[in-house]
K.L.:
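Would you mind keeping the following structure in view while I ask a few things?
Here is the naming used below: chain letters follow the sequence lines, and residue numbers restart at 1 for every chain.
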2 protein chains.
Amino acid sequence: MIEKLTMKTNTEHCDARETLEKTSLYKTPQRIAVLDTLISSSVPLSVNDILKKICTQQKINKVTVYRILTSFKGKGIVREIETARGISYYEISCHHNPVHAHFSCRHCGMLVCLDPLTVSQTWEWFTRPRNFTIDHITITMTGTCHQCEGTLNCNSTADVVNNT
Amino acid sequence: MIEKLTMKTNTEHCDARETLEKTSLYKTPQRIAVLDTLISSSVPLSVNDILKKICTQQKINKVTVYRILTSFKGKGIVREIETARGISYYEISCHHNPVHAHFSCRHCGMLVCLDPLTVSQTWEWFTRPRNFTIDHITITMTGTCHQCEGTLNCNSTADVVNNT
DNA sequence: AAGTATTTGCAATTAAGTTGCATTCATGAT
DNA sequence: ATCATGAATGCAACTTAATTGCAAATACTT
């Protein structure tokens with residue numbers, strides 16, 4: 001109950017098996033479990049969250065979850081939210097759940113979905129008093145740089161350059 | 001040479017000893033070295049970057065750098081940029097270097113500073129063809145949630161909630 | 001110069017995420 | 001229905017960013 005803005009994912013409309021069929025991914029029990037977990041969740045989940053939810057019903061390995069999420073990302077089934085604490089969270093990517101920003105508590109790691117906002121809503125949102133304190137905004141665009149697009153083997157250089 | 005937009009930090013105007021004095025932080029050789037390194041850098045640096053640059057001149061421990069950066073963050077001397085790979089980068093926070101977005105290559109980790117943009121510039125920027133491929137935009141606001149503000153000892157719960 | 005609170009260094013630890021390889025399994029052809 | 005095969009999984013070990021506790025060293029105050 002942190003904000004009045006509402007953000008319903010409505011992912012109940014999505015079907016795990018159907019999605020795997022469409023994206024030509026093998027329908028393994030593990031993939032179905034991970035996808036079902038994400039579909040039925042109203043909030044983004046970390047790998048540990050997913051493991052905890054699934055392990056009560058079936059056996060699944062941490063590495064498998066990582067690999068499943070990687071394949072889901074590749075197919076555009078899920079979005080990854082990288083938080084300030086270096087832990088990734090995952091949410092279903094469908095037309096019922098458009099891209100939006102998140103608030104993450106740097107103390108307990110709690111992650112809050114924020115509504116997609118128009119410009120006027122954004123102003124209203126930022127100026128409204130609320131009961132959490134934002135002290136940092138991270139906007140990072142991730143992708144492939146020119147050099148890596150060409151060579152695709154600069155995996156460990158970690159150079160930093162300016163765009164001047 | 002990735003973008004035509006220019007983004008000069010101009011932090012040469014800043015003085016390490018003066019900054020430490022102003023913020024009432026002990027002027028230790030380690031703090032001066034870390035601050036000098038950040039002031040003279042035109043790009044954000046990781047802890048490893050900072051270590052590599054300093055260790056040629058003086059002995060300094062990794063943990064010390066982490067703690068120095070934490071104290072600098074607390075005083076508002078530096079900003080932390082959390083990247084998609086879970087590695088934090090640090091840049092001087094002064095009026096010559098206003099808040100801006102970053103592009104980070106998910107393959108080599110390269111970090112690019114993007115200009116602070118107006119709304120019209122943003123449109124122009126996003127629609128312009130460029131030589132890196134953005135496949136993901138992370139916008140995360142970090143801070144302290146209501147619960148942690150009250151108790152300040154929920155450090156390991158990592159709950160996730162929605163803002164509905 | 002002495003006392004004190006702060007800072008540093010070291011060693012050990014935590015935890016997210018990755019890699020290699022052997023085993024198991026889903027799928028499509030027979 | 002069975003089989004062959006490429007794909008997915010599980011396990012163990014590893015990598016690495018970041019943190020913690022504590023003793024030793026150091027910067028500031030008087």
Side-chain angles (χ1 to χ4, degrees), chain A residues 16-17 20-35 44-52 54-55 58-75 77 80-90 104 106-109 111 142 155-158, chain B residues 16-17 20-35 44-52 54-55 58-75 80-90 104 106-109 111 142 153 155-158:
Chain A
R17 284 155 207 278
L20 294 176
E21 198 111 24
K22 271 186 202 159
T23 51
S24 58
L25 286 172
Y26 278 33
K27 287 192 287 279
T28 67
Q30 292 86 346
R31 283 217 178 108
I32 292 166
V34 170
L35 195 44
L45 301 174
S46 68
V47 167
N48 269 343
D49 294 335
I50 294 168
L51 276 172
K52 272 185 220 151
I54 292 177
C55 72
Q58 78 185 67
K59 201 180 154 197
I60 191 165
N61 188 275
K62 179 187 66 162
V63 182
T64 304
V65 175
Y66 276 108
R67 290 198 268 231
I68 286 175
L69 290 169
T70 301
S71 70
F72 285 0
K73 269 200 296 174
K75 296 288 186 180
I77 299 172
E80 185 180 6
I81 302 131
E82 292 121 351
T83 68
R85 302 167 107 216
I87 303 172
S88 282
Y89 288 76
Y90 299 86
S104 147
R106 66 170 70 258
H107 300 288
C108 67
L111 197 66
T142 311
N155 300 33
S156 54
T157 41
Chain B
R17 283 156 207 278
L20 294 176
E21 197 110 25
K22 271 187 202 158
T23 51
S24 58
L25 286 171
Y26 279 33
K27 286 192 288 278
T28 66
Q30 291 87 346
R31 283 218 178 106
I32 292 166
V34 170
L35 195 44
L45 301 175
S46 69
V47 167
N48 270 343
D49 294 334
I50 294 169
L51 275 172
K52 272 186 220 150
I54 293 178
C55 72
Q58 77 184 67
K59 201 180 153 197
I60 191 165
N61 188 273
K62 181 187 64 163
V63 181
T64 304
V65 175
Y66 276 108
R67 289 198 269 232
I68 285 174
L69 290 168
T70 301
S71 69
F72 284 0
K73 269 200 297 174
K75 295 288 186 180
E80 186 179 6
I81 301 132
E82 292 120 351
T83 69
R85 303 166 105 216
I87 303 173
S88 282
Y89 287 75
Y90 299 86
S104 147
R106 68 170 69 259
H107 300 288
C108 66
L111 197 66
T142 312
N153 55 355
N155 300 32
S156 55
T157 42

K.L.:
Hey, is the main chain of B/Lys27 close enough, under 3.5 Å, to the side chain of B/Arg17 for a donor-acceptor pair?
P.N.:
no
K.L.:
When you check the phosphate oxygens OP1 and OP2 of C/dG17, does a side-chain N or O of A/Tyr66 lie under 4.0 Å from one of them?
P.N.:
yes
K.L.:
When rounded to the nearest 0.5 angstrom, what is the spacing between CZ in A/Arg67 and CZ in A/Phe72?
P.N.:
14.0 Å
K.L.:
With a 3.5 Å cut-off and just heavy-atom distances, do the side chain of A/Arg67 and the base of D/dG10 make a donor-acceptor pair?
P.N.:
yes
K.L.:
Do A/Leu51 and A/Lys62 make a side-chain contact, defined as non-hydrogen atoms from C-beta onward lying under 4.5 Å apart?
P.N.:
yes
K.L.:
For B/Val63 and for B/Pro29, find the nucleotide of DNA chain C with the closest heavy atom, then tell me which residue's nucleotide is more 5'.
P.N.:
B/Pro29
K.L.:
Go nucleotide by nucleotide along DNA chain C from the 5' end; which of A/Gln30 and B/Lys59 gets its closest nucleotide reached first?
P.N.:
B/Lys59
K.L.:
Calculate the interatomic distance between B/Ile87 atom CD1 and D/dT15 atom C1'; express it in whole Å.
P.N.:
12 Å
K.L.:
Roughly how many Å is it from CG in A/Leu51 to C1' in D/dT9, rounded to a whole number?
P.N.:
13 Å
K.L.:
May I have the distance from B/Tyr26 (atom OH) to D/dC28 (atom P), rounded to whole angstrom?
P.N.:
7 Å
K.L.:
Between B/Ile50 and B/Ile68, is there a side-chain heavy-atom distance shorter than 4.5 Å?
P.N.:
no
K.L.:
Figure out the CG/P separation between A/Asn61 and D/dA13, and round it to whole Å.
P.N.:
14 Å
K.L.:
Please state how far atom CD in A/Glu82 lies from atom P in C/dA16, giving the value in whole angstrom units.
P.N.:
15 Å
K.L.:
Checking contacts here: which listed nucleotide (D/dG10, C/dT8, D/dT9) is nearest the side-chain heavy atoms of B/Ile68?
P.N.:
C/dT8
K.L.:
Is any side-chain nitrogen or oxygen of B/Asn48 closer than 4.0 Å to OP1 or OP2 of D/dA17?
P.N.:
yes
K.L.:
Provide, to the nearest angstrom, the distance between the NZ atom belonging to A/Lys27 and the P atom belonging to C/dT27.
P.N.:
5 Å
K.L.:
Using a cut-off of strictly less than 4.0 Å, decide whether B/Ser88 has a side-chain nitrogen or oxygen near OP1 or OP2 of D/dA18.
P.N.:
yes
K.L.:
Roughly, in whole Å, what's the span from CD1 in B/Ile32 to P in D/dC28?
P.N.:
8 Å
K.L.:
Whole Å only: how far is the CG atom of A/Leu69 from the P atom of C/dA16?
P.N.:
14 Å
K.L.:
Counting only side-chain heavy atoms from C-beta out, which of D/dT9, C/dG17, D/dA17 sits nearest to A/Thr28?
P.N.:
D/dT9
K.L.:
Does a distance-only test, which skips hydrogens and angles, find a donor-acceptor pair under 3.5 Å between the side chain of A/Lys62 and the base of C/dG17?
P.N.:
yes
K.L.:
Side-chain contact, heavy-atom cut-off 4.5 Å: B/Asn48 with B/Ile87?
P.N.:
no
